[in-house]
Engineer: 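Here you go, one structure.
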Amino acid sequence: MRLTVLGSSAGGGFPQWNCNCRNCAGVRGSTLRARPRTQSSIFVQGDGEDGILFNASPDILQQIKTNAHLQPARRLRDTAIAAVVLVDAQVDHTTGLYMLRERSQALPLWCTAPVAQDLRQGNPIFGVLAHFCGVDAHEIPLDGRSFEIPAVPGVRLLAVPLSSKAPPYSPHREAPEPGDNIAVLIEHAGRRVFYAPGLGEITPGLFELMSSADAVLVDGTFWTDDEMPRLGIADKTARSIGHLPQSGAGGMIEWLDRLPRATRRLLIHINNTNPILDEDSAERAELARHGIEVTEDGQILRWP
Ligand code: MLT
Ligand code: MN
Ligand code: ZN
């Protein structure tokens with residue numbers, strides 16, 4: 001299996017276009033040791049060139065340009081993106097679908113029933129794409145059955161519903177449904193990756209699944225619960241929008257500490273306000289002491 005981190009940042013990217021927080025101003029002005037990052041997405045290949053795009057970020061065109069293996073040029077019109085899997089219906093994970101509209105055939109796409117509903121109603125991307133390539137939508141099962149995507153044989157996927165919220169434009173925003181947000185266990189040739197860019201709460205069952213993986217790529221959005229209110233950016237806390245902060249009691253670091261020693265621990269979907277983006281920060285040093293990595297755009301994880 002080859003996994004490419006296409007975008008390691010949360011919605012807004014890093015630096016965010018309108019933000020002058022310490023991190024955004026620092027990376028823009030090169031006064032901070034930090035790397036710019038595009039919005040949340042990974043690409044997974046099994047044995048072949050064709051792979052699965054997990055989430056289609058608004059930065060997808062830039063991500064394809066900087067990762068040549070997504071454009072193998074085997075024919076006049078080509079792409080290595082054989083299918084798309086969505087973990088939620090948020091803007092940062094879905095609006096890149098518009099950029100894939102020039103496909104010659106309908107886009108094979110897997111998502112849960114509530115996500116499909118949001119993309120037909122609240123944010124009707126499927127309806128708009130019907131005027132271009134169209135979407136060949138498949139429902140992701142949430143009953144513990146794993147599934148395979150025919151164009152990418154050998155890669156098995158298992159989705160797990162997470163307790164979270166649907167996006168603001170969802171018709172059921174105030175009435176969460178299982179499947180608004182999922183984690184995915186990706187398995188190929190006996191190797192397993194647990195992927196959950198938005199993870200608000202870790203239950204015993206979820207932790208067991210994480211413990212079975214060779215690597216976990218998990219929610220790195222915020223360092224503290226009150227990160228945005230404290231900066232005066234927004235009044236939303238991390239937990240209120242479905243993101244478990246890294247620091248503090250019951251935080252992500254505590255959970256990751258309990259994983260088997262050999263498990264690779266990586267944070268993904270990092271918000272531009274998070275102090276871990278500053279490579280010289282005390283928070284980044286604390287992660288290093290716990291053996292936790294911060295993903296970067298273009299990073300490749302490969303087994304064997
Ligand atoms: C989130 O996961 O909370 C999103 O990044 C929010 C957004 O895209 O605006
Ligand atoms: Mn997001
Ligand atoms: Zn910022």
Side-chain angles (χ1 to χ4, degrees), residues 5-32 34-42 53-60 63 84-98 111 114-115 118-119 122-123 125 162-170 173 176 179-184 195-201 217-246 252 267-278 281 283 295 297:
V5 176
L6 298 180
S8 53
S9 115
F14 179 52
Q16 182 173 307
W17 65 281
N18 63 346
C19 191
N20 296 297
C21 74
R22 179 180 182 275
N23 280 348
C24 289
V27 74
R28 209 178 274 123
S30 304
T31 57
L32 204 70
R35 287 167 203 249
R37 285 168 159 84
T38 62
Q39 294 167 83
S40 183
S41 179
I42 64 170
L53 181 74
F54 287 80
N55 302 319
S57 108
D59 301 318
I60 181 76
Q63 292 166 345
V84 177
V85 169
L86 302 176
V87 302
D88 59 39
Q90 296 272 4
V91 167
D92 61 338
H93 285 157
T94 59
T95 49
L97 293 172
Y98 285 132
C111 66
V115 166
D118 288 349
L119 298 179
N123 183 14
I125 293 180
L162 305 173
S163 81
S164 190
K165 267 184 122 174
Y169 39 83
S170 169
R173 163 80 161 174
D180 283 334
N181 199 286
I182 56 169
V184 188
Y195 175 58
L199 186 51
E201 192 191 335
L217 277 80
V218 290
D219 194 329
T221 315
F222 298 111
W223 180 256
T224 47
D225 194 41
D226 65 349
E227 191 164 306
M228 291 208 293
R230 203 190 296 182
L231 285 167
I233 281 175
D235 18 288
K236 298 175 213 155
T237 62
R239 284 188 165 89
S240 77
I241 57 169
H243 297 293
L244 181 67
Q246 283 108 57
M252 189 63 85
L267 298 177
I268 197 158
H269 190 277
I270 302 146
N271 198 54
N272 59 75
T273 51
N274 193 326
I276 63 175
L277 288 170
D278 174 356
S281 65
E283 291 84 356
T295 53
D297 288 17

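The structure displayed is predicted, hence computed values, not measured ones. Every number for a ligand or one of its atoms is a count from 1 in the order of the listing.
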Engineer: Which atom name would you report as the N, O or S atom of D92 nearest the Mn ion (ligand 2)?
Structural biologist: OD2
Engineer: Do N20 side-chain atoms and A25 backbone N/O form a donor-acceptor pair below 3.5 Å?
Structural biologist: no
Engineer: Would you tell me whether S40 and D92 have side-chain atoms, one donor and one acceptor, within less than 3.5 Å of each other?
Structural biologist: no
Engineer: Look at H269 and state whether any of its N, O or S atoms is less than 2.8 Å from the Mn ion (ligand 2).
Structural biologist: yes
Engineer: Just list the N/O pairs, ligand 1 to protein, that are under 3.5 Å apart, with the distance for each.
Structural biologist:
residue: ligand 1; atom: 2 (O); partner: H243; partner atom: NE2; Å: 3.1
residue: ligand 1; atom: 2 (O); partner: H269; partner atom: NE2; Å: 3.2
residue: ligand 1; atom: 3 (O); partner: H243; partner atom: NE2; Å: 2.9
residue: ligand 1; atom: 5 (O); partner: G11; partner atom: N; Å: 3.1
residue: ligand 1; atom: 5 (O); partner: D92; partner atom: OD2; Å: 2.9
residue: ligand 1; atom: 5 (O); partner: H269; partner atom: NE2; Å: 3.4
residue: ligand 1; atom: 8 (O); partner: D92; partner atom: OD1; Å: 3.4

Engineer: Would a 4.5 Å heavy-atom cut-off, applied to side chains only, mark L244 and R239 as touching?
Structural biologist: yes
Engineer: Would you indicate whether the side-chain heavy atoms of N123 and T94 approach each other to under 4.5 Å?
Structural biologist: yes
Engineer: The Zn ion (ligand 3) to N23: any N/O/S contact under 2.8 Å?
Structural biologist: no
Engineer: Verify the neighbour count for atom CZ of R28: are there more than 12 heavy atoms of other residues, nucleotides or ligands below 6.0 Å?
Structural biologist: yes
Engineer: What angle, to the nearest 10°, do the atoms SG (C24) and SG (C19) form about the Zn ion (ligand 3)?
Structural biologist: 110°
Engineer: Pairing donors with acceptors under 3.5 angstrom, does anything connect the side chains of S8 and D297?
Structural biologist: yes
Engineer: Indicate the atoms forming the closest heavy-atom contact of R35 with V27, along with that distance.
Structural biologist: C-CG2, 4.2 Å
Engineer: Could you tell me whether the side chain of Q39 and the main chain of G7 form a donor-acceptor pair under 3.5 Å?
Structural biologist: no
